[in-house]
Every structure is written in structure tokens, then in C-alpha cells.
Protein chains: 2
Amino acid sequence: MKTELDENKDLSAQIAEAIRDAIIEGNLIVDQRLPSEAELCEKFDVGRSTVREALKRLAAQNLIRTQRGATGGAFVNRMSFEDAYDQQITTSTLLLSMNSVDFETACEARYALERSCAPLSAQRRTPDQLATMRAEIHRQSQPGLTDEAFCASDVAFHRALVDGAGNPVLSYQLAGAVEAMQPLMNMITYTQRDRERIVGLHTEITDAIEAQIPEQTDASLQKLAQYTIEMGRSRLSATATGKTSPSE
Amino acid sequence: MKTELDENKDLSAQIAEAIRDAIIEGNLIVDQRLPSEAELCEKFDVGRSTVREALKRLAAQNLIRTQRGATGGAFVNRMSFEDAYDQQITTSTLLLSMNSVDFETACEARYALERSCAPLSAQRRTPDQLATMRAEIHRQSQPGLTDEAFCASDVAFHRALVDGAGNPVLSYQLAGAVEAMQPLMNMITYTQRDRERIVGLHTEITDAIEAQIPEQTDASLQKLAQYTIEMGRSRLSATATGKTSPSE
DNA sequence: TTGTCGTAATTGTCTGACAATTCATTTGCT
DNA sequence: AGCAAATGAATTGTCAGACAATTACGACAA
């Protein structure tokens with residue numbers, strides 16, 4: 001049963017695609033074992049290197065995992081939320097950094113998405129998530145924090161906010177948007193006044209979520225969005241089109 | 001300059017990761033040529049197969065492209081929005097189908113996200129996008145349309161709505177959410193009454209967007225969200241936990 | 001029963017070879 | 001000189017064969 005006699009380009013890519021399609025179509029189900037490399041060689045009538053390169057392509061997308069040994073082989077992988085997070089974040093980060101997406105566009109997207117889960121968060125947040133948010137706010141108030149650490153804490157705060165919606169699909173989608181912004185946010189130098197303002201707004205948001213008032217949550221988040229965009233506009237306007245060396 | 005002498009597992013994965021990190025860090029910039037396979041062999045002190053498998057992993061993530069010939073080699077790829085779309089859609093689709101995410105959760109996420117760009121769409125939609133929406137509504141009204149074709153048109157409608165926000169980052173993020181829902185939506189059998197109701201709501205949304213009234217757009221979209229969730233609840237409740245064969 | 005050994009299956013890696021492709025250079029003809 | 005064709009070199013794509021590493025399983029002995 002030789003399958004897939006194709007034409008003129010990159011056999012390993014074609015084989016990978018064939019198997020990927022089979023997984024998407026549901027012809028190969030989770031944890032099912034693929035044929036061994038030797039069998040795939042026969043089936044597609046190619047050498048072993050070619051089959052292996054195809055399998056590595058699939059492994060890179062978390063579609064399969066491999067195991068050595070007698071009962072080993074390649075198995076269809078269950079796409080975990082965690083794997084999907086990582087992929088999303090990598091892709092989003094590269095997308096933003098390689099296409100010189102301006103701060104304002106990215107920021108608008110991020111806050112638009114984030115606002116969509118704020119009301120849900122206000123309804124459903126757990127005490128745990130609330131505690132995380134408070135803890136991050138406290139960290140952000142520490143004097144002597146580097147800008148990078150401040151940004152990292154900011155991301156953690158917003159992830160807790162997003163996770164508060166209790167919808168893993170939402171969390172997954174938002175992960176990319178929130179994390180991918182970090183490199184852009186890192187380009188900003190935060191003044192003491194900036195930090196105070198941001199911490200204040202974070203507190204406002206957290207208070208609203210604790211009180212479970214969706215409207216107030218949304219309003220505070222919107223204020224934060226606006227402040228962030230203004231901050232980006234004033235800090236990044238000088239270096240807008242050129243390379244980014246805000247040294248002098 | 002032998003780099004990366006590592007320990008006990010999967011050399012090709014480690015090499016791929018090293019190169020990927022270099023790309024993310026910015027040590028390798030877009031369109032820059034990587035060392036040839038032979039050079040990488042020396043640098044990492046491994047065989048050519050190993051290097052090639054590492055490169056295929058990167059190619060599978062659209063991080064590099066390869067070119068044959070004298071001036072060929074592997075080049076850092078610019079992550080295009082289109083590539084990112086595709087990756088997002090594949091990942092999201094598999095994530096939903098493999099983790100038995102229930103219709104309601106997915107639906108909630110999708111409409112929450114979609115509502116976040118509705119106001120922007122109302123402000124910025126182009127005549128083109130408006131026309132696309134009208135055209136899809138018209139298609140959806142055609143009698144004799146299969147459920148699948150109806151769903152496909154639904155997706156096209158919503159993508160036009162999302163694109164109307166004029167923010168490519170938003171469009172990219174939403175692509176996954178909207179497209180990944182399609183298989184779930186396909187499991188529903190749409191009655192004539194369903195279709196009329198949906199077309200009606202689509203028209204309401206489009207009218208609001210044409211009139212550029214954000215509040216009305218949001219309200220109509222929310223009605224559609226609610227109707228969709230109810231529809232899913234009533235149609236899919238019977239087959240909730242078991243396999244999905246709604247044949248009889 | 002239990003522990004050890006060997007065998008088979010399978011993936012991971014290396015080496016060497018050749019094919020295909022592409023560019024640069026040289027050669028040859030006008 | 002100018003242009004076309006042949007040549008060569010560099011590089012990726014593919015194949016074949018070998019060996020190492022890992023794992024499961026059964027056979028055998030204590």
C-alpha cells in the first residue's frame with residue numbers, strides 16, 4: 001500500500017503534511033502509535049532519513065512524541081494547553097518583533113482582548129487568583145525594582161486577571177497577547193510616577209474584581225489601557241521610525 | 001568554537017532550541033543566512049543527520065526557510081501574519097478537539113473575544129469589509145445550503161467583522177478562536193428557524209456596523225452569542241458525554 | 001518466586017555516497 | 001568585444017548501511 005507518490009519538492013514536508021492531516025482529520029487518534037520508521041519508509045517508498053525528518057517536523061509542532069525501545073515508536077500527542085501556550089507565545093513574540101508592529105497597535109489589541117475577560121473575571125475569580133494579583137501589586141510597589149522585573153510582575157498580574165475568567169480557552173488565547181507585549185513594554189523606562197500610577201490602577205482593578213463589580217472593573221482597566229498607550233506614545237515617539245537606542 | 005556540548009537527550013532538539021533562542025534573542029536577524037549544514041556539524045560536533053533534523057524542526061515552525069544551490073542555505077524567515085494565522089488555527093483546532101472542550105466554554109471564549117473588537121469594527125470598518133459581510137449574509141440565506149457550507153460562511157462573516165477593527169494583531173489572535181470553533185459548530189444541525197434567526201442577527205450586526213454605532217453592534221453580537229450558546233445547549237446536550245454520532 | 005541474562009524491536013546518531021539545484025567562472029564561437 | 005555554452009563549486013535533498021542506546025519480554029537458573 002504505497003501511498004503519496006508526489007512530485008517535485010521536499011518529500012519530508014509532504015510526508016509530514018500527510019500525517020498531520022491524518023491527525024487533524026481524526027484518522028489518527030490521541031496516543032495511537034504511528035507505524036515504525038521502517039514501515040513508513042516502505043509505505044511512502046523513501047529512505048529513512050526522509051521519514052525521520054518528517055517525524056521531527058511533527059515533533060516540533062508537538063503533534064507527536066517518540067519513545068525508544070521495543071514497544072517504542074511515535075505516538076500522537078495530546079495537544080496540552082501548556083504546549084499550546086508556549087507555541088502561541090513564541091509565535092506572537094516573533095510576529096511582533098519581526099514585523100515592527102507599533103506599540104499602539106499591539107497595546108490596543110492586548111487591552112481590547114483583556115477587557116473581554118474582565119467582566120467574567122469579576123464574576124468568577126477565585127481567592128487564589130485575587131491573592132496573586134495582590135501579591136504582584138505588592139511586588140510592583142517595592143522600591144529599587146528594575147524595569148524588567150516590574151514588567152514581569154505586570155505580566156503576572158495580568159495573567160492572573162485573565163485566568164480569573166475561569167475559561168482555559170480564553171487564557172490560552174490571551175497568553176500570546178499578554179506575553180508577546182513584554183518585549184515592547186521592556187523598551188519603556190518607567191518613572192517613579194508611572195509606577196505609582198500603574199500600581200494605583202492595578203489596585204483599582206483588583207478592588208473592583210474583589211467586589212465583583214464588572215462595570216467598575218472594565219472602567220478601571222480602560223483607564224489603565226489609556227494610560228499605557230499615552231505612556232508609550234510619549235516615551236517611544238522620539239525613536240519611532242529609527243532603531244531603538246534610547247541612550248541619548 | 002564548539003558550542004553546546006550537552007548531556008543525554010535528543011541532540012537535534014537541543015540544537016534546534018539553541019538556534020531558535022538565537023533568533024528570538026535577535027542574535028540572528030531576518031533574512032540572515034545560517035551557517036551551512038557542514039559548518040553546523042563542526043560547530044556542534046554532531047553528524048549531518050542531526051543537524052538536518054534540527055533544521056527541519058525549525059522549518060516546521062516557519063522560523064527558517066532553505067534554498068538549494070551555491071548561494072543557498074538556511075535563512076531566518078520573517079514570521080508573516082499569514083504563517084502565524086495558519087499555525088494558530090491548527091493549534092487551536094487540535095487543542096479543542098483533543099481536550100474535549102465543551103461547546104459552551106469555547107463559545108464563551110469566542111464571543112468574548114469577538115465582542116472586544118466589535119466597537120472598533122463599528123468605528124473603522126471599510127466599505128469592502130461591509131460588502132463581504134453582506135455577501136456572506138446573502139449566501140447564508142440561500143435555501144439548500146448544506147450545514148457545512150452554512151458554517152463556513154458564518155466563519156467568513158465573523159472574520160470580516162474581526163478584520164473590520166483594522167488591527168492585524170487582533171485579527172491574528174481572533175483567527176484561532178473563530179476558525180477553531182468551526183468543527184464544533186459543524187456538529188450542530190441547523191433548522192430553518194435557526195438559520196433565519198442567525199441571518200437576522202447577522203443583519204442586525206451589519207446594520208449597526210454600517211451605521212457605526214458601537215453600542216448597538218455590541219448588543220446585537222451579545223444576542224447572537226446567547227442564541228448560539230442556547231442552540232448548542234439544546235442540540236448537544238443529549239450527546240454531551242458520549243461519542244458524537246448524532247445519526248439517530 | 002525471583003533475579004539475571006540475552007534477544008528482538010525501535011529510535012538516535014554517524015558516515016559516506018550520489019542527485020539536484022543554483023551561482024560564478026571559464027571557455028569558445030562569432 | 002560580446003554573448004552563449006560548458007564547467008565547476010557549493011549547498012541542500014535523498015539514500016543506504018552501520019552501530020549505539022533504550023526498552024520490553026521471555027528464558028533460564030538459583
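Worth knowing before you read on, the calculation uses all heavy atoms, side chains too, and leaves out hydrogens, waters and symmetry mates. Predicted model, so just to flag it, every value in this text is computed and none were measured.
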Q: Please state whether the phosphate of D/dG13, meaning OP1 or OP2, lies under 4.0 angstrom from any side-chain nitrogen or oxygen of B/T66.
A: yes
(Q) Rounding to an integer number of Å, can you tell me how far B/R52 CZ sits from C/dG12 C1'? (A) 16 Å
Q) Please, which pairs that meet ring-ring contact (aromatic ring centres under 6.0 Å, His included) have at least one residue in residues 146-171 of chain B, sequence neighbours excluded? A) B/F150-B/Y190, B/F157-B/H202, B/H158-B/H202
**Q.** Pairwise side-chain contact, B/R125 with B/M133, heavy-atom cut-off 4.5 Å (strictly under)
**A.** no
Q: May I have the distance from A/L55 (atom CG) to C/dT11 (atom C1'), rounded to whole angstrom?
A: 10 Å
(Q) At under 4.0 Å between heavy atoms, how does the protein contact nucleotides 2-10 of chain C? Give one character per nucleotide, 5' to 3', with B, S or -. (A) ------BBB
Listing time: all N or O pairs from protein to nucleotides 15-18 of chain D that are below 3.5 Å?
residue : atom : partner : partner atom : Å
D/dC15  : OP2  : A/G47   : N            : 2.7
D/dC15  : OP2  : A/T50   : OG1          : 2.5
D/dC15  : O5'  : A/G47   : N            : 3.4
D/dA18  : N6   : A/R48   : NH1          : 3.3

Q.
I'd like to know if B/E179 and B/R159 make a salt bridge, using a cut-off of under 4.0 Å between side-chain N and carboxylate O.
A. yes
Q) Tell me: CD of A/E53 to P of C/dT11, nearest whole Å? A) 16 Å
Q: Take the protein atom CZ of B/R65 and the nucleotide atom P of D/dT12, then report the distance between them rounded to whole Å.
A: 13 Å
**Q.** Salt bridge present between B/K43 and B/E39 (N-O < 4.0 angstrom)
**A.** no
Q.
I want to check one thing: is the phosphate of D/dG13, taken as OP1 and OP2, less than 4.0 Å away from some side-chain N or O of B/K56?
A. yes
Q | Between C/dG12 (C1') and B/R57 (CZ): distance, integer Å | A | 11 Å
Q) Just how far, in rounded Å, is C1' of D/dA20 from CG of B/D10? A) 15 Å
(Q) Can you confirm whether A/E148 is buried at CD, in the sense that more than 12 heavy atoms of other residues, nucleotides or ligands lie under 6.0 Å from that atom? (A) no
Q.
Could you check whether B/K56 pairs with A/D10 (Lys NZ or Arg NE/NH1/NH2 to Asp/Glu carboxylate O, under 4.0 Å)?
A. no
**Q.** Exercise: identify the closest heavy-atom pair between B/Q173 and A/G176
**A.** NE2-C, 3.9 Å
Q | Atom CD of A/Q32 with >12 non-hydrogen neighbours under 6.0 angstrom | A | yes
Q: In plain terms, say whether A/R48 and B/E53 are close enough for a salt bridge, that is, a side-chain N and a carboxylate O under 4.0 Å apart.
A: no
